[in-house]
Amino acid sequence: MTLALYAFNCGWFQCRPGYYIEGEQGDYLRGPVPSYLIDHPKGRALFDTGMNVRYRRDLETALPANKFGLQYFEGMEVAARLKAINVDPASINWIINSHLHIDHCGGNATLPNATIIVQSRELAAAQAGQETGLYEVKDFGTGQTVKAIDGEHDLFGDGSVRIIPTYGHTPGHQSALVKLPSGAEVLLAADCCYTERNLDKMVLPNATADKEAGMRTFDHLARLRRDGVRILFGHDGKQWAGVTENVPFG
Ligand SMILES: [Zn+2]
């Protein structure tokens with residue numbers, strides 16, 4: 001058995017183009033709220049877990065297409081996505097939270113046996129930042145064991161899943177560099193870069209906690225991309241249209 005990487009969309013984030021790149025005009029965009037399963041011979045890890053049940057909507061209560069916000073529909077939550085490919089949520093050993101914003105750790109509560117891996121500076125930011133509305137203790141403080149790390153971490157000790165710091169969007173944001181059986185590398189970037197267009201233009205969004213760190217992260221991403229790494233961006237609807245969910249990446 002070798003490593004397998006699966007992608008799921010666990011909801012939608014709606015915003016105007018100017019949220020990603022200040023000054024850009026246009027209709028509201030609908031970006032995914034991704035989660036990734038890394039199924040490794042030594043254990044199962046989920047990278048980000050989507051939203052808590054309070055963001056669930058149905059056809060009658062759905063956000064209009066021209067409203068800013070987050071939502072998901074029944075069946076999109078991470079536990080349902082796992083069950084749909086016959087993976088028991090209780091079998092997840094690790095949760096790698098890119099950061100602790102509400103749309104990245106809201107499914108943690110449904111993964112009872114996982115150890116949560118987060119940068120210690122992110123945990124501190126979440127604990128201090130609850131009044132901002134972006135961090136909620138009911139999402140990030142769900143009682144499982146937390147492994148707080150500082151900087152890089154090789155999850156399985158074989159170089160196949162390397163957690164790397166990508167600070168900027170938040171003080172302790174992290175991403176995961178996954179080596180596929182083919183040798184190809186994929187970076188699960190999450191919100192250190194919302195869309196491919198941000199990286200193409202080297203423009204940080206306004207929602208950046210530390211702009212200097214954010215630009216260093218963009219430089220790092222640009223180097224990785226030049227070296228052939230496929231980057232999966234945080235909320236990029238255009239890119240997501242080309243992602244096949246539920247089957248291992250080739
Ligand atoms: Zn975020």
Side-chain angles (χ1 to χ4, degrees), residues 7-22 28-36 46-52 54-55 63 68-72 76-78 95-109 116-142 148 163-176 187-199 203-218 220-221 231-237 239-240:
F8 313 111
N9 181 21
C10 293
W12 299 108
F13 172 55
Q14 295 179 182
C15 64
R16 284 198 188 271
Y19 187 84
Y20 295 137
I21 297 176
E22 198 184 355
Y28 275 78
L29 301 171
R30 194 172 76 146
V33 177
S35 173
Y36 302 92
L46 263 189
F47 181 89
D48 283 346
T49 64
M51 288 172 259
N52 176 271
R54 68 188 182 278
Y55 292 97
L63 280 184
F68 178 89
L70 289 161
Q71 64 181 341
Y72 78 86
M76 296 182 86
E77 65 272 32
V78 76
I95 297 167
I96 304 164
N97 283 130
S98 62
H99 63 307
L100 297 175
H101 280 167
I102 46 181
D103 54 330
H104 294 262
C105 63
N108 285 13
I116 296 166
I117 303 175
V118 65
Q119 296 286 325
S120 47
R121 51 196 287 163
E122 182 65 16
L123 198 55
Q127 281 157 352
Q130 291 179 55
E131 74 288 349
T132 63
L134 294 169
Y135 293 113
E136 293 271 0
V137 71
K138 53 179 166 288
D139 295 322
F140 70 79
T142 47
I163 298 168
I164 58 169
T166 47
Y167 306 149
H169 174 68
T170 61
H173 194 284
Q174 60 186 2
S175 303
L187 181 75
L188 311 178
D191 288 2
C192 73
C193 190
Y194 282 143
T195 72
E196 189 161 30
R197 190 165 166 76
N198 286 93
L199 190 61
V203 174
L204 293 166
N206 267 337
T208 303
D210 180 339
K211 296 229 154 72
E212 250 177 64
M215 275 322 297
R216 282 197 297 276
T217 290
F218 268 34
H220 188 185
L221 262 50
I231 300 175
L232 293 166
F233 298 92
H235 295 293
D236 190 332
Q239 179 185 51
W240 198 263

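Numbering of ligands and ligand atoms starts at 1, following listing order.
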His99 NE2 and Asp191 OD2 subtending at the Zn ion (ligand 1) (10° steps): 90°

Tyr194 and Phe13 aromatic ring geometry - parallel, tilted or perpendicular at 30°/60° bounds: tilted

Rounded distance (nearest 0.5 Å) linking atom CG of Leu70 with atom NE2 of His101: 11.0 Å

Atom CD of Glu22: over 12 foreign heavy atoms under 6.0 Å: no

Atom of Leu232, atom of Tyr36 and distance for their closest heavy-atom approach: CB-OH, 3.5 Å

Nearest to the Zn ion (ligand 1) - the N/O/S atom of His169, by atom name: NE2

2.8 Å cut-off met by an N, O or S atom of His104 to the Zn ion (ligand 1): no

Atom of His101 closest to the Zn ion (ligand 1), considering N, O or S atoms: ND1

